[in-house]
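Keep in mind that this is a model prediction, so the values were computed, not measured. All chains are named by letter (A, B, ...) in the order of the sequence lines, taking the proteins before the strands, and each is independently numbered beginning at 1.
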Number of protein chains: 2
Amino acid sequence: MNLYETLLTALKTQGKRITPQREAICRLLAESDEHPTARQIYETLKAQFPSMSLATVYNTLDVLVSVGAINRLGSAGDDTVHYDADTNPHINLACIKCHRIIDLPSEHIQALQEEVARNSQYRILGGRVLYYGLCPECQREAVEGGR
Amino acid sequence: MNLYETLLTALKTQGKRITPQREAICRLLAESDEHPTARQIYETLKAQFPSMSLATVYNTLDVLVSVGAINRLGSAGDDTVHYDADTNPHINLACIKCHRIIDLPSEHIQALQEEVARNSQYRILGGRVLYYGLCPECQREAVEGGR
DNA sequence: TCCAACTTTAGAACTATTCCAAATACCACC
DNA sequence: GGTGGTATTTGGAATAGTTCTAAAGTTGGA
């Protein structure tokens, strides 16, 4: 089962209804390796659903988060929430200049999560490991711009 | 040099001026193990500085962040930014019910950070490792409330 | 002490996100 | 296949965190 189907199944399992808008949002989340914001999703899908409302995007994202199918990553320096459809433990790397976020596989992150579960009395529901800095491209631009 | 002095020194080093308001904000950040929001700082210091403006708090926090003396942790489920004066690598644990954040020392996090630096082309400027869940207290309340 | 530059202040402005009520669409059931 | 109850969509208003602005007040080097 691919990621798109996983997301839809998660919705159905929770008794949520499948609408064309939700399908499109799930497809976009599943097939892109971006970590889009609600507004980016909205702008992208406006061509396909000219009448779609931002509220619908927020609604669907909220449902997916509450179901545990996607993660809220938080801001990448742009004060808007980015979402990640990959719920497997991994590292996110955000560029504070172009505000793009990439994934980074990690050997250590599994151990980290187990450490947290073991050493705290919390019931862990999720987590986000986000490092930020300048991506190679923006580093280059910074140097060129600084001349 | 304690944390309070470190914060003030960071400001001075960057040519920033020391004002009573900034001293108070730095002291509060340094001496509390909370991870306060701008508003919490504002409310706390209002007794001492009745005329203080929220903008001053934001201004000072922005300066401290840009200087690298403190970290922006992001939201703890309450849609407001929490700040952390401890810039050493450590794990943060947020309770999504009471919105408090605690620190957790970690053996693995150093390795994680080195892994990121090694495996990415990014210039790393910082990071935040935040797990969220229910703190022991809120777990207990959830059970009692659920009866 | 003086002054230029930086800060503070108060309030307006901005913007992401949530809320609302009416219209619409999904889907379980017949 | 229809039908109805109910979740969802929509668009606009409302909310709230954060930023901006201009005037007044401070800081700290000379």
Contacts of type side chain to side chain contact (heavy atoms under 4.5 Å, CB included), residue A:Ala55, not counting sequence neighbours: A:Ser53

By salt bridge (charged side-chain N to carboxylate O under 4.0 Å, His left out) - contacts of B:Lys46 (at least two apart): B:Glu43

Residues that B:Lys16 engages under salt bridge (charged side-chain N to carboxylate O under 4.0 Å, His left out), provided they are two or more places apart: none

Would you list the atom pairs, donor with acceptor, under 3.5 Å between side chains in residues 1-11 of chain B and any protein atom, with sequence neighbours excluded?
residue	atom	partner	partner atom	Å
B:Asn2	OD1	B:Tyr4	N	3.2
B:Asn2	OD1	B:Glu5	N	2.8
B:Tyr4	OH	B:Arg27	NH2	3.3
B:Glu5	OE1	B:Asn2	N	3.4
B:Thr6	OG1	B:Asn2	O	2.8
B:Thr9	OG1	B:Glu5	O	2.7

Residue-phosphate contact under 4.0 Å: A:Ser51 side-chain N/O, D:dT10 OP1/OP2: yes

By salt bridge (charged side-chain N to carboxylate O under 4.0 Å, His left out) - contacts of B:Arg100 (at least two apart): B:Glu137

Outermost nucleotides of DNA chain C that come under 4.0 Å of a non-hydrogen atom of chain A: C:dA16 to C:dC27

Nucleotide-resolved protein contact map, nucleotides 14-27 of chain D, B/S/- at heavy-atom distance under 4.0 Å: ---SBBB-----BB

Whole-Å gap separating P (D:dT9) and CD1 (A:Ile41): 13 Å

Whole angstrom value for the distance that separates C1' of D:dT9 from CD1 of A:Ile25: 11 Å

Residues in side chain to side chain contact (heavy atoms under 4.5 Å, CB included) contact with B:Asn92, at least two apart in sequence or another chain: B:His35, B:Leu73, B:Asp84, B:His90, B:Ile101, B:Asp103, B:Leu130

Set of residues satisfying salt bridge (charged side-chain N to carboxylate O under 4.0 Å, His left out) with respect to A:Asp62, sequence neighbours excluded: A:Arg72

Smallest separation among heavy atoms of A:Ala76 and A:His99, with atom names: O-CD2, 3.1 Å

For B:His108, side chain to side chain contact (heavy atoms under 4.5 Å, CB included) partners two or more places apart: A:Ala111, A:Leu112, A:Glu115, B:Ser106

Bending between helix ends of the helix from C:dT1-D:dA30 to C:dC30-D:dG1 [5 pairs per end, 10° resolution]: 40°

Side chain to side chain donor-acceptor pair (under 3.5 Å) contacts touching residues 119-133 of chain B (sequence neighbours left out): none

Nearest-angstrom distance from the residue atom CZ of A:Arg22 to C1' of D:dT8: 6 Å

